[in-house]
Structures are given as structure tokens and as C-alpha cells.
Amino acid sequence: MRRPCLPGAAGATAEAGFLFFAMRYEGAMTELPRIAHHPSTCPHDCPSACSLEVEVIDGRSIGRVRGSKRQSYTDGVICAKVARYAERIHHPERLLHPMRRTGPKGSGQFARISWDEALDEIARRFLAIEAEHGAEAVWPYYYAGTMGLVMRDGINRLRHAKRYSGQYSTICTTTAWTGFIAGTGRLAGPDPREMAQSDCIVIWGTNAVHTQVNVMHHAIKARKARGAKIVGIDIYHNATLAQADLALVLRPGTDAALACAVMHILFRDGHADRAYLAAHTDAPDELEAHLQSRTPEWAAAITGLEIAQIEEFAALVGTRKKSFFRLGYGFARQRNGAVSMHAALCVPTVTGAWQYEGGGAFHSNSGIYRWRKSLIEGLDVRDPGVRELDQSQIGRILTGDAQALRQGGPVRALLIQNTNPVSVAPEQELVKQGFAREDLFTVVHEQFMTETAQMADIVLPATQFLEHDDIYQGGGHQHIMWGGKLVEPAGECRSNHEVICALAKRLGAQHRGFDMTPREIVDWTMRESGRGTLDELIANEFLDVQPDFRTAHYLDGFGYRDRKFRFKPDWPKVPNANAGPVGPWQDMPVLPDQWDVLDNVDAEHPFRLATSPARSFLNSTFTETPGSVKKEGGPTLMLHPEDAARLGVVAGDEVVVGNQRGSVHLKAVLFEGVVRGVVIAESIWPNAAHKHGRGINTITGADGPAPFGGAAFHDNKVWIKKAIPDQKGVTALP
Ligand SMILES: Nc1nc2c(c(=O)[nH]1)N[C@H]1C(S)=C(S)[C@@H](COP(=O)(O)OP(=O)(O)OC[C@H]3O[C@@H](n4cnc5c(=O)[nH]c(N)nc54)[C@H](O)[C@@H]3O)O[C@H]1N2
Ligand SMILES: Nc1nc2c(c(=O)[nH]1)N[C@H]1C(S)=C(S)[C@@H](COP(=O)(O)OP(=O)(O)OC[C@H]3O[C@@H](n4cnc5c(=O)[nH]c(N)nc54)[C@H](O)[C@@H]3O)O[C@H]1N2
Ligand SMILES: [Mo]
């Protein structure tokens with residue numbers, strides 16, 4: 001697996017490596033450091049899952065991280081925050097040894113203990129809680145801080161072997177995936193590299209410049225090579241729209257209205273592919289009749305767009321059959337998100353764009369991998385009778401909400417890996433109250449002292465991806481990738497797998513996965529899933545598993561039994577959930593339509609707030625690295641200059657933004673690129689970066705959108721006030 005230095009790059013990399021080396025080992029500059037270049041995979045929670053080339057210096061430190069040119073989706077391009085990864089792996093504030101809380105909860109007072117002490121205490125407490133309250137009182141809680149299949153999902157093996165409470169993972173993908181699968185019956189699409197063959201690329205509800213830079217790379221290639229047009233659709237003129245040929249800024253949660261009007265025009269102007277519709281879709285005539293009244297005028301009133309903009313967009317995708325719809329997560333984080341995603345997906349179906357190379361719609365390829373995960377997750381020992389608790393409702397769960405607890409007993413112990421709910425979960429006031437409970441025993445396995453780790457009783461130090469072995473898959477592409485251990489763990493850090501296995505032993509949990517190495521688990525999983533062996537993967541670095549053209553474009557049929565695309569999904573039966581339907585699902589529109597279940601403005605809350613992603617942070621990750629913090633500056637609120645004037649706010653003023661859940665302090669930035677009445681807080685800063693320690697998720701809600709739940713992070717009605725400092729310069733809590 002070890003690769004020699006790449007020829008050609010040696011001069012530049014040796015220089016960069018030397019500077020880095022000189023910085024870290026001052027004085028020892030007589031010898032040039034040895035630099036080796038190793039392939040790896042970015043583990044962060046991102047559709048791009050980039051293939052990397054990592055400089056390893058003297059087997060200990062890393063230097064630069066680059067995008068691999070060998071993997072054709074990454075194509076040599078990665079984001080700046082990962083290129084600077086040395087900052088994160090060699091960060092002076094990494095957690096290096098286990099700790100036990102010594103002061104009150106959340107005081108930040110901890111004392112160092114040994115691994116054996118830590119693991120023994122966790123096991124003793126978990127066993128005592130299980131004996132007294134039953135196994136469901138323990139809730140292993142995790143998410144995608146690492147996307148490695150073994151390190152991310154292995155916690156489920158312990159959960160299932162012990163019959164601990166289950167996790168229904170809703171915080172990110174539920175509404176978006178449901179909306180997509182509602183149409184296609186499968187979570188997969190055309191090869192994203194086909195963007196380079198497109199004549200029009202529609203980047204809808206994803207700020208790709210921030211969240212998945214490779215999309216821009218492939219789209220701009222198509223523009224350069226073939227004059228492709230790039231359309232961007234968002235609720236503010238963000239960094240992606242700044243690069244678009246046609247930038248559509250609409251009101252939050254009105255994407256389905258836009259989609260309907262576009263389809264109306266396509267039928268009206270003869271750009272609907274009727275032969276394709278008859279062969280491949282469920283109800284084209286009903287759709288056409290339904291769209292009669294969904295005119296551009298109707299949509300303009302709802303979306304706030306000009307009629308001419310809607311006409312221009314429809315003409316583009318109507319005349320350019322090779323239109324590639326890159327549908328993001330963002331516009332599905334509204335309470336009507338599943339309906340909006342489905343409506344947008346219907347547009348390329350009406351034009352028949354799916355038939356062409358460079359045409360169709362892509363959201364995620366997560367459905368193509370079909371892993372056999374029984375070894376990783378212990379699915380073979382899972383008891384389906386055990387309750388599943390909604391990840392997004394952790395605040396309600398920890399504060400004893402009977403419905404959120406599924407009418408069962410309270411959660412009395414948490415084991416947390418790869419996630420930082422005290423910062424990222426909605427209804428933050430409840431989350432904080434829950435974590436502060438004296439009768440809750442909390443274990444957090446982390447790389448940094450996050451705001452969740454600060455609330456723990458026991459903190460365990462975790463390895464980073466270059467310090468352990470794992471396997472990864474691309475959501476935004478189609479590669480299975482290897483990321484092997486390249487450097488020794490910092491301090492006493494242990495991997496998620498080591499911790500889960502060590503706890504399993506002490507807890508009496510039985511599963512053969514607890515006695516295997518990550519490499520053995522990966523090898524078994526690859527073989528059983530028909531993906532070859534681990535040795536082959538390591539030799540090749542990655543495996544391109546893109547389905548063939550006809551399958552990816554659904555030319556032999558969509559994922560439903562009758563092979564038809566659904567304009568009329570049976571929403572409660574869309575195959576994307578192991579939970580029953582929630583929210584007002586009975587009222588979901590039968591055909592694509594604007595569905596008004598949004599957190600609409602009222603007299604007390606005249607603004608709509610979205611919490612869009614920052615470029616230099618990844619959720620709350622990278623809020624610890626100086627390079628990212630410097631780039632982001634501080635927590636801000638973008639608002640339209642006219643709105644600001646009405647509020648008596650000037651640029652740089654401190655404003656308070658709030659609703660029934662609480663309020664947050666931010667610094668005003670005036671920006672013409674937001675629609676009047678809409679405000680944007682880019683990024684999830686640590687709560688502590690805000691006055692009174694209240695982070696942006698103080699405002700967001702955990703009421704699960706229909707049909708299967710989720711978190712509508714960008715759908716919030718709010719009031720805004722200019723903060724008025726008292727004589728001491730301190731703003732009071734409103
Ligand atoms: N730099 C960076 N990269 C990231 C992340 C990050 O935080 N920072 N997060 C990672 C994760 S976990 C994920 S899931 C992905 C998500 O990546 P994306 O698919 O990009 O989704 P979001 O980040 O939620 O939001 C994308 C855009 O949707 C817009 N939006 C909000 N509401 C609406 C609406 O009603 N209509 C329309 N048309 N647009 C709307 C937002 O303003 C934002 O610009 O990115 C990953 N990559
Ligand atoms: N307001 C608002 N809130 C949001 C969003 C939004 O757009 N707006 N986006 C939502 C979305 S899409 C998502 S996916 C969630 C994500 O929220 P989280 O899942 O909490 O993601 P991060 O904030 O990146 O935190 C991941 C943590 O995992 C740790 N970690 C990384 N690798 C490992 C490992 O190998 N082992 C262990 N033990 N720990 C590790 C990191 O140090 C980091 O602290 O946030 C959601 N919250
Ligand atoms: Mo996410």
C-alpha cells in the first residue's frame with residue numbers, strides 16, 4: 001500500500017514538508033525530513049468523500065493533504081479545510097487520555113484516569129442501570145463524524161447485542177431521501193461525472209461551493225468544454241449562485257411551486273417527452289391536468305421570482321435535454337422538504353432527460369452499495385421489539401417527553417460517538433437541560449472537548465482517520481475507498497472499534513465482530529457484499545461501482561415493482577424508513593404541489609431564518625481549527641439592507657433573533673443577496689461563541705416533518721431585535 005514519492009511533485013512537497021518539519025522541531029534543521037505520500041479517504045460527513053493524497057513526514061506527522069488525481073470524481077480537488085488537515089490532527093487541544101468529571105456537570109472540571117478505570121466504570125454503571133431499569137435505559141447515540149463504516153456503525157453491534165435503545169437517524173437525510181425515493185423507488189442516479197457531458201446543470205438547494213466543491217468542479221468543466229449553463233436555486237445569493245449563469249433566489253420552502261410552474265411550461269410549450277412519460281411514469285395525464293392551474297403567475301406569487309425567470313429556467317431545461325439536476329439536502333430541510341424534493345425530481349422526468357448521457361437527476365448514490373452489514377452492525381442479533389428513539393428529538397427524550405420516549409422509561413445512560421448534539425441538535429434548550437440531568441450517566445468518545453464532551457461524566461479520547469483503518473463510500477459519487485492507518489494515534493487515543501470491543505467484553509455482549517480487527521471485518525463485508533477482497537481494494541485504493549448506464553438512468557424501469565416513476569407517491573409507504581409516518585402526512589399532496597406546512601411568519605415573527613452551512617466548518621467540526629475560525633470570523637446574521645433599516649440596525653450591530661424556543665445573539669451583516677423578510681445564519685458556531693452560550697439551534701425545531709420525520713433546520717419563523725446593551729455593556733436576555 002505504501003507508495004513512493006510521486007515523481008514531479010518532489011520539489012514542491014519537500015519544501016512544504018520541510019517548512020512544516022522546521023516549524024514543529026525547531027533547531028533540528030540539519031536533516032531533511034523523509035516525506036512519503038500515501039493514499040487515504042476523507043472521513044468527514046460530506047457527499048464528496050474525497051480520495052486523498054497525504055504527506056506523511058518521518059512516519060509521525062502529516063504535511064499537506066491533496067485531492068487524489070487518480071480518483072476521477074475527486075479529480076485532484078478538495079476543500080481548503082481538509083487541505084489544512086495538519087492543523088486538526090496535530091491540534092494542541094486534542095483529547096489525549098480518558099477523563100472523569102470532578103466538578104458539577106458541564107463545569108469542564110475533569111481529572112485524568114486510565115483506560116481500565118474508565119472502561120470499568122462505564123461497564124459498572126451501564127450494568128447497574130440495565131439491572132435496575134432495563135437495557136432500554138441505555139442509549140448509544142452516534143452520527144457521521146466519521147463516515148468509515150466500521151468506526152461509524154460499529155456502535156450498533158454493541159447496541160443490538162445488548163438490546164439497548166435503538167436510534168432512528170433523522171438529523172440529516174430523512175426528508176431528502178424520502179422525497180427522492182418517492183419518485184424513483186431507489187436512492188441512486190446517473191454517474192455524477194456525467195455532469196461534464198451536460199448542456200445544463202441545475203444545482204438545486206445545495207450550496208456546492210461550500211458543501212461539495214467537486215460538483216462545481218465538474219459543472220465548470222462542462223461550461224468550459226461545451227458551453228453548459230449552470231443554474232443555481234437557493235434562498236439567498238450564496239457562493240454557488242455567484243457562479244451560476246442563472247441564479248434563482250426564491251422564498252424558503254417554495255421549490256415545489258417553482259417545479260410545478262416549470263412543468264406547466266414544459267407541457268405548454270411542447271417540451272414534455274410524451275412517449276417517455278407514457279412508457280415510464282405512473283400518471284402523466286393526471287399530472288398534466290393538475291398543472292393547468294400551476295401557471296408561472298401562480299408560482300411567481302408564491303416564490304417571489306419574476307415570471308421571466310421561471311420562463312427562462314423552463315426554456316433552458318426544455319430545450320437542453322441533457323440537463324443534469326443536482327438536487328441537494330438544503331431545500332429538503334423545510335417542513336415540506338420531502339414534497340419539494342419530489343417535485344424538483346419530477347422536472348427532468350417530464351422532459352425525459354433521464355434518457356441522455358449528462359441528463360437526469362442525482363441526489364445520492366447511497367442506494368448502490370448494498371452492503372451486508374450484519375458483522376459491522378450486529379444485525380443478526382437485533383431484536384426488532386426494542387424501541388427506536390428519534391435522534392433529532394434528543395432534547396425531548398432526555399427531558400422525559402413521553403411520546404419521544406415511545407411511552408417507555410427514561411434514558412439514564414448515553415454512549416456517544418461521532419456527534420456533538422449539544423451544538424448541532426434542534427431544540428437546544430431542551431438538549432442542554434437533558435444533558436444537565438444529575439441522574440443521567442453520559443460517556444462521550446471524542447477527538448476534542450466539544451460542548452457535548454463538556455457535559456460528560458466520562459470522556460474518552462478518539463483517534464482521527466489517519467490513525468485507524470476503515471472503509472468509506474461516496475454518497476455524491478460511486479466509489480468504495482480505503483483509508484488505512486498512516487500515523488500512530490496521538491496520546492492514548494483509541495478508535496471507536498477498540499472502545500466498542502473493550503466495552504462489549506466488560507458488558508458481556510456476545511458477537512464475533514467484537515473479536516475481529518477492522519481489516520477482518522472489512523474483508524468479510526466486502527466478500528459477502530460481492531465487492532472482492534480488502535487486499536484488492538488496498539491494492540487499487542478505491543473501487544468504482546457505478547451501475548451501468550441503463551440501470552443508473554432507470555431506462556429499464558424505476559425502482560418500483562411496476563417499473564414506473566411515481567408522480568403520485570404513496571407517501572406513507574415510500575421505502576425509506578423503518579418508522580411509521582409522522583406529521584400531517586395524511587394531508588400530503590397527491591401530485592407535486594406547493595404544500596403549505598411551513599413555519600410561516602406571523603405578526604410576532606416577521607422573518608424566516610435559515611441556518612445554511614459555512615464554507616470552512618463542517619457542521620460543528622473544524623470550529624476548533626484556527627484556519628477555519630479565522631476564515632469564518634464570527635457568528636453573523638445576513639439581512640437585507642431595507643429590513644435592517646426598518647429595524648434600525650446597521651452593519652456590525654449585535655442583533656437578537658428569537659422565537660418561542662429561545663433567542664440567539666448574532667452580528668448583523670447587510671446583504672442585498674437575501675430576499676426581504678428572509679435572514680441567513682451561515683454555520684453552526686459553538687454555543688459559547690454566542691452571548692449567553694446560546695447557539696443557533698436554540699431556535700430550530702425537532703417536530704418531525706411528514707412523512708417520516710427529520711429536522712427542518714432552515715424553516716424557522718423568528719423575530720429580530722437590535723440588542724441594547726445596559727450600562728455595563730452586557731445585553732440582557734430578552
Ligand atoms: N463546508 C461544509 N461542507 C459540508 C457541511 C458543512 O456544514 N459545511 N455539511 C455536510 C453535511 S452533514 C451535509 S448533509 C451536506 C449538506 O449539503 P447541502 O446539500 O448543500 O445542504 P445544506 O447545507 O443543508 O443547504 C444547502 C443550501 O440550501 C439552501 N436552502 C435552505 N432552504 C432552502 C429552500 O427552501 N429552497 C432552496 N432552494 N434552498 C434552500 C441553503 O440556503 C443552503 O445554501 O454538506 C456537507 N458538507
Ligand atoms: N442549525 C443547523 N444545525 C444542523 C445542520 C444545519 O444545517 N443547521 N445540519 C445538520 C446535519 S445535516 C447534520 S449531518 C448534523 C451533524 O452533526 P454532528 O453529527 O454532530 O457532526 P459534527 O458537528 O461534525 O460532529 C461530529 C463529531 O464527531 C467527532 N468525530 C469525528 N471522527 C470521530 C471518530 O472517529 N470517533 C469519534 N469518537 N468521534 C469522531 C468530531 O470530532 C466531531 O466533534 O448537524 C445537523 N445540525
Ligand atoms: Mo448532514
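Heads up: numbering here begins at 1 and tracks the sequence.
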Side chains of [X] and [Y], heavy atoms from C-beta outward: is any pair under 4.5 Å?
X: Asp653; Y: Lys667; result: no
X: Arg661; Y: Gln428; result: no
X: Met147; Y: Pro43; result: no
X: Lys229; Y: Ile201; result: no

Any sub-3.5 Å donor-acceptor pair from Asn336's side-chain atoms to Val339's backbone N or O?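 Checking the backbone N and O of Val339 against the side chain of Asn336, no donor-acceptor pair under 3.5 Å is found.
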Exam field: side chain Gln334 to backbone Phe331, donor-acceptor pair closer than 3.5 Å: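 Here the side-chain-to-backbone pair does not exist.
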What pairs with Glu312 under side chain to side chain donor-acceptor pair (under 3.5 Å), at least two apart in sequence or on another chain?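 None.
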Please round to the nearest 0.5 Å and tell me the distance separating atom CG of Leu609 and atom OG of Ser612.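 If we round to the nearest 0.5 Å, Leu609:CG and Ser612:OG are 8.5 Å apart.
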Drop me the distance from Glu288's CD to Leu591's CG, to the nearest 0.5 angstrom.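 One finds 12.0 Å between CD of Glu288 and CG of Leu591.
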According to the ring-ring contact (aromatic ring centres under 6.0 Å, His included) rule, which pairs have a member within residues 215-248, sequence neighbours left out?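 For residues 215-248: Tyr73-His218.
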Considering residues at least two apart in sequence or located in another chain, which fulfil the side-chain contact (heavy atoms from CB on, under 4.5 Å) criterion with Ala552?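 Ala552 satisfies side-chain contact (heavy atoms from CB on, under 4.5 Å) with Gln546 only.
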List in chain and number order the residues that pass side-chain contact (heavy atoms from CB on, under 4.5 Å) with Asp199, two or more places apart in sequence or in another chain; answer none if no residue qualifies.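 Scan of Asp199 (side-chain contact (heavy atoms from CB on, under 4.5 Å), adjacent residues dropped) gives Arg226, Arg320, Lys322.
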Between the side chains of [X] and [Y], does any donor sit under 3.5 Å from an acceptor?
X: Thr625; Y: Arg84; answer: no
X: Ser48; Y: Asn214; answer: yes
X: Asn697; Y: Thr700; answer: yes
X: His477; Y: Gln212; answer: no
X: Asp255; Y: Trp204; answer: yes
X: Glu604; Y: Asn659; answer: no

I need the minimum non-hydrogen distance between Gly710 and Thr174, along with the two atoms involved.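 It is CA-CB, 4.3 Å.
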Could you note down all residue pairs passing salt bridge (charged side-chain N to carboxylate O under 4.0 Å, His left out) where residues 333-343 supplies at least one of them, sequence neighbours left out?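 Applying salt bridge (charged side-chain N to carboxylate O under 4.0 Å, His left out) to every pair that reaches into residues 333-343, excluding sequence neighbours, yields Arg335-Asp703, Arg335-Asp715.
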Does the ring center of [X] lie less than 6.0 Å from the ring center of [Y]?
X: His44; Y: Tyr85; value: yes
X: Trp354; Y: Phe325; value: no
X: Phe558; Y: Phe565; value: yes
X: His363; Y: Tyr329; value: yes

Step by step, would you call Ser392 with Thr170 a side chain to side chain donor-acceptor pair (under 3.5 Å)? CA-CA 6 Å; Ser392 298; Thr170 53; 2.7 Å; yes
Check: residues 244-253 side-chain donor-acceptor pairs under 3.5 Å, at least two apart:
{"from": "Asp245", "atom 1": "OD1", "to": "Arg223", "atom 2": "NH1", "distance (Å)": "3.3"}
{"from": "Asp245", "atom 1": "OD2", "to": "Arg223", "atom 2": "NH1", "distance (Å)": "3.1"}
{"from": "Asp245", "atom 1": "OD2", "to": "Ile230", "atom 2": "N", "distance (Å)": "2.7"}
{"from": "Arg251", "atom 1": "NH1", "to": "Ala301", "atom 2": "O", "distance (Å)": "2.9"}
{"from": "Arg251", "atom 1": "NH1", "to": "Ile302", "atom 2": "O", "distance (Å)": "3.2"}

Between Phe324 and Cys200, does the side-chain contact (heavy atoms from CB on, under 4.5 Å) criterion hold? Intermediate values first, please. CA-CA 6 Å; Phe324 195 98; Cys200 177; over 6 Å; no
